[in-house]
Peer 1: 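The structure is given below, and queries will be raised subsequently.
Values reported hereafter were calculated over all heavy atoms of this structure, with side chains retained and with hydrogens, waters and symmetry mates removed.
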Amino acid sequence: MKRICYYAFALFLLTNTSFAQKKSKDGWYSLFDGKSFDGWKVGDNASTFSIENGSIAVNGPVAHLFYVGPVNNHDFKNFEFKAQVMTTPGSNSGMYFHTEYQQGSWPDKGYEVQVNNSHTDWRRTGSLYGIKDVKDTLVKDNVWYTETIIVKDKHVTIKVNDKVAVEYDEPADLPENRKGRRISSGTFALQGHDPKSKVYFKDIMVKPLP
């Protein structure tokens, strides 16, 4: 009986791992199953994140939800990442890449791609935050749009609804105070910015690149 249970459990793990890592014919992996936080981890203020109608709803005190799942062992260097995003009026959020899990505060490692169409912060959706910023409002609140991040070596491309918003080449001679803000490798994180902001994410996908 124990042996049968062991093999059944092993088969369960294999099946679920295979499902989690299943990729489409064109190389895309889904990072969010639309119903749970499997493969994701948040530290402080975990209640900032919830699931509503198949999407991740972000609303509450500062918090960050990190992908820690099996795809690429949650460590990406060159990749194409995309998500469906919807902001509500006055909201601010962001998507980090090349970051790593952190218990609290703003991530020390990685770059942030801005999600903000009407917040008081002038840096709008599509910005590579604080590095190459977008002043124009490219999409509206209360409407789903696609935000894409492509990293190839030291080059970053950010697209909003498939239109290029930012192209950035990281220089070799970065100042010392940018030590954590540099292209390296790491995972992704979604940002909870403040209790007055409410933002939604769904269809979170990644395609690892050579």
Peer 1: For the pair H193 and W106, name the ring-plane relationship: parallel under 30°, tilted 30 to 60°, perpendicular over 60°.
Peer 2: tilted
Peer 1: Answer yes or no: are there more than 12 heavy-atom neighbours, outside N142 itself, under 6.0 Å from its atom CG?
Peer 2: yes
Peer 1: Shortest non-hydrogen contact from S118 to G90?
Peer 2: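 Reported closest heavy-atom pair: OG-N, 2.7 Å.
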Peer 1: Starting from the C-alpha separation in whole Å, work towards a yes-or-no answer on side chain to side chain contact (heavy atoms under 4.5 Å, CB included) for F66 and Q102.
Peer 2: CA-CA 8 Å; F66 295 82; Q102 189 173 307; 4.1 Å; yes
Peer 1: Atom NZ of residue position K152 - does it have more than 12 heavy atoms of other residues, nucleotides or ligands inside 6.0 Å?
Peer 2: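 Open.
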Peer 1: Which of parallel (below 30°), tilted (30 to 60°) and perpendicular (above 60°) describes F76 and F188?
Peer 2: tilted
Peer 1: Looking only at side-chain N and O atoms, does D75 offer a donor or acceptor that is under 3.5 Å from a partner on S185?
Peer 2: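 Per modelled atom types, S185 and D75 side chains form a pair under 3.5 Å.
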Peer 1: Provide the full list of salt bridge (charged side-chain N to carboxylate O under 4.0 Å, His left out) pairs with a residue in residues 81-103, sequence neighbours left out, each pair given once.
Peer 2: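 Counting only pairs at least two positions apart or across chains, no salt bridge (charged side-chain N to carboxylate O under 4.0 Å, His left out) contact touches residues 81-103.
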Peer 1: Could you list all the salt bridge (charged side-chain N to carboxylate O under 4.0 Å, His left out) pairs where at least one residue sits in residues 42-66, not counting sequence neighbours?
Peer 2: E52-K198
Peer 1: Less than 6.0 angstrom from the centroid, inside 45 degrees of the normal: does K132 satisfy that with respect to the ring of Y168?
Peer 2: no
Peer 1: Identify the two heavy atoms, one from Y67 and one from G39, that lie closest to each other, and give their separation to 0.1 Å.
Peer 2: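 In terms of heavy atoms, the two residues are closest at CD1-O, 3.2 Å.
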Peer 1: Look up atom OH in Y200 and atom CD1 in I51, then write down how far apart they are to the nearest 0.5 Å.
Peer 2: 13.0 Å
Peer 1: Hey, what do you get for CD1 (I158) to OG1 (T148), rounding to the nearest 0.5 Å?
Peer 2: 10.0 Å
Peer 1: Hey, what do you get for CD (Q191) to OH (Y96), rounding to the nearest 0.5 Å?
Peer 2: 5.0 Å
Peer 1: To the nearest 0.5 Å, what is the distance between OG on S91 and CG on N59?
Peer 2: 7.5 Å
Peer 1: Check for a donor-acceptor pair, side chain of R181 on one end and backbone N or O of D108 on the other, with a separation under 3.5 Å.
Peer 2: yes
Peer 1: Are there more than 12 heavy atoms of other residues, nucleotides or ligands under 6.0 Å from atom NZ of K109?
Peer 2: yes
Peer 1: Quiz question: by atom type and distance under 3.5 Å, do the side chains of Q84 and T146 form a donor-acceptor pair?
Peer 2: yes
Peer 1: Do N92 and S197 get their side chains close enough for a donor-acceptor pair, meaning under 3.5 Å?
Peer 2: no
Peer 1: Heavy atoms only: give me the nearest L65-I56 pair and the separation to one decimal.
Peer 2: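 Where L65 meets I56 most closely, the heavy atoms are CD2-CD1, 4.0 Å.
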Peer 1: Taking atom CD1 of I131 and atom CZ of R123, what is their separation to the nearest 0.5 Å?
Peer 2: 9.5 Å
Peer 1: What heavy-atom pair brings V62 and N45 nearest, and what distance separates the two atoms?
Peer 2: O-ND2, 2.8 Å
Peer 1: If we check side chain to side chain donor-acceptor pair (under 3.5 Å) with Y111, which of these qualifies: E170, H98, R182?
Peer 2: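 Exactly one option meets the side chain to side chain donor-acceptor pair (under 3.5 Å) with Y111, and it is E170.
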Peer 1: Could you tell me how the ring of F79 sits relative to the ring of F81: parallel (under 30°), tilted (30 to 60°) or perpendicular (over 60°)?
Peer 2: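 The rings of F79 and F81 stand perpendicular, inter-plane angle above 60°.
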Peer 1: Heavy-atom distance under 4.5 Å between the side chains of V164 and T157, does that happen here?
Peer 2: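 The answer is yes, as the side chains (C-beta and beyond) meet within the 4.5 Å cut-off.
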Peer 1: Could you walk me through whether F97 and L128 pass the side chain to side chain contact (heavy atoms under 4.5 Å, CB included) test, one step at a time?
Peer 2: CA-CA 11 Å; F97 67 88; L128 188 60; 3.9 Å; yes
Peer 1: Determine whether more than 12 heavy atoms belonging to other residues, nucleotides or ligands lie under 6.0 Å from atom NZ of K41.
Peer 2: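 Atom NZ in K41 is not crowded, with 12 or fewer foreign heavy atoms closer than 6.0 Å.
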Peer 1: Could D194 and K196 be called an ion pair, given the rule that one side-chain N must be under 4.0 Å from one carboxylate O?
Peer 2: no
Peer 1: Restricting to non-hydrogen atoms, name the atom on T48 and the atom on G192 that form the minimum distance, rounded to 0.1 Å.
Peer 2: CG2-CA, 4.0 Å
Peer 1: Hey, are the side chains of H74 and Y101 touching, using non-hydrogen atoms and a 4.5 Å cut-off?
Peer 2: no
Peer 1: Below 4.5 Å, heavy atoms only, C-beta onward: do L190 and M95 meet side chain to side chain?
Peer 2: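 Yes - at least one pair of side-chain heavy atoms lies under 4.5 Å apart.
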Peer 1: If you measure from OG1 on T87 to CG on D141, what distance do you get to the nearest 0.5 Å?
Peer 2: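 Result: 3.5 Å between the selected atoms.
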Peer 1: Yes or no on side chain to side chain contact (heavy atoms under 4.5 Å, CB included) for V156 and V166, after CA distance, side-chain angles and deciding distance?
Peer 2: CA-CA 8 Å; V156 179; V166 162; 5.8 Å; no
